[in-house]
Amino acid sequence: MPCQRVSLITLGVADLDRARRFYAQLGWKVAGESEGVAFYQMQGQVLGLFGLADLAKDQGREGAALGTGAMTLAQNFATREDVDAAFAKALAAGAKELKAPEAVFWGGYSGYYADSDGHVWELAHNPFWPLAEDGSLTLPEAT
């Protein structure tokens, strides 16, 4: 089994119901729930939303103040227009604009927003990394 993979990404959230509403407005659908965690099936991975205090306790750090913003989750899109549409949808759902989509130094197009709990998302079009029909990404160097 390959070790260079991520199977599950869990985001700590202050209010699970509010976070679920935010992602629902983006069109995401809960695929399962277990003891205060909402799970979203993605392509080959799962995203979980877990209450902050419960996540800290589960990590063995009960009472720890968990933070956000030190990492970025990213979605790549086939076109700049797709980036703009997804960015507008996120803002309409209540995301905080961090950087509007724009042409960037490496030849692509990207922008950033923070979700309802401050988790940072990048939306990008990279003309050097073509997407499969299902939206999945494989680096050209990896094929």
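We use all heavy atoms of the structure for the numbers below, so side chains are in, but hydrogens, waters and symmetry mates are not.
Within the structure, side-chain hydrogen bond (donor to acceptor under 3.5 Å, both in side chains) contacts touching residues 8-20 (residues at least two apart or in different chains) are R18-D117, R20-E33.
Side-chain heavy atoms closer than 4.5 Å link hydrophobic residues (I, L, V, M, F, W, Y) into clusters, and following such links, even through other members, never connects V13 to V120. Taking hydrophobic clusters as Ile, Leu, Val, Met, Phe, Trp and Tyr residues chained together by side-chain heavy-atom distances below 4.5 Å, Y112 does not share a cluster with L91. By the criterion of side-chain heavy atoms lying less than 4.5 angstrom apart, applied directly or through intervening Ile, Leu, Val, Met, Phe, Trp or Tyr residues, L55 is not grouped with V6; the two fall into different hydrophobic clusters. One hydrophobic cluster, built from ILVMFWY side chains closer than 4.5 Å, cannot hold both L52 and F22; they sit in different ones.
Looking only at side-chain heavy atoms (C-beta outward), W129 and T138 stay at 4.5 Å or farther from each other. Side chains of Y40 and V30 form a contact here, defined as non-hydrogen atoms less than 4.5 Å apart. With a 4.5 Å cut-off on side-chain heavy atoms, S110 and K99 count as touching. F39 places none of its side-chain heavy atoms less than 4.5 Å from the side chain of L47. Residues D115 and L11 are in side-chain contact: their nearest non-hydrogen atoms beyond the backbone lie under 4.5 Å apart. Between F50 and E35, every side-chain heavy-atom pair lies at or beyond the 4.5 Å cut-off.
Other residues, nucleotides and ligands contribute at most 12 non-hydrogen atoms within 6.0 Å of the NZ atom of K96. Q43 CD: more than 12 foreign heavy atoms inside a 6.0 Å radius.
Among all heavy-atom pairs drawn from G108 and R80, the shortest one is O-NH2, 4.0 Å. Contact detail for L123 and A86: the closest heavy-atom pair is CD1-C, 3.7 Å. Nearest approach of A38 to L16, heavy atoms of both residues: CB-CD1, 4.2 Å. Closest heavy-atom contact between A56 and A64: CB-O, 4.0 Å.
In this structure, CG on L49 lies 7.5 Å from NE2 on H119, to the nearest 0.5 angstrom. To the nearest 0.5 Å, the span separating OG on S136 from CE on M42 amounts to 13.0 Å. Taking NE2 from H125 and CG from L131, the interatomic distance works out to 8.5 Å, rounded to the nearest 0.5 Å.
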Could you pull out every donor-acceptor pair under 3.5 Å between side chains of residues 70-78 and any protein atom, sequence neighbours left out?
none

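A distance-only check finds no donor-acceptor pair linking the side chain of E81 to the backbone of A85 [under 3.5 Å].
Put simply, the residue from N126, D82, D84 that forms a side-chain hydrogen bond (donor to acceptor under 3.5 Å, both in side chains) with Y109 is D84.
Ring planes of W121 and Y113: parallel class, angle under 30° (limits at 30 and 60°).
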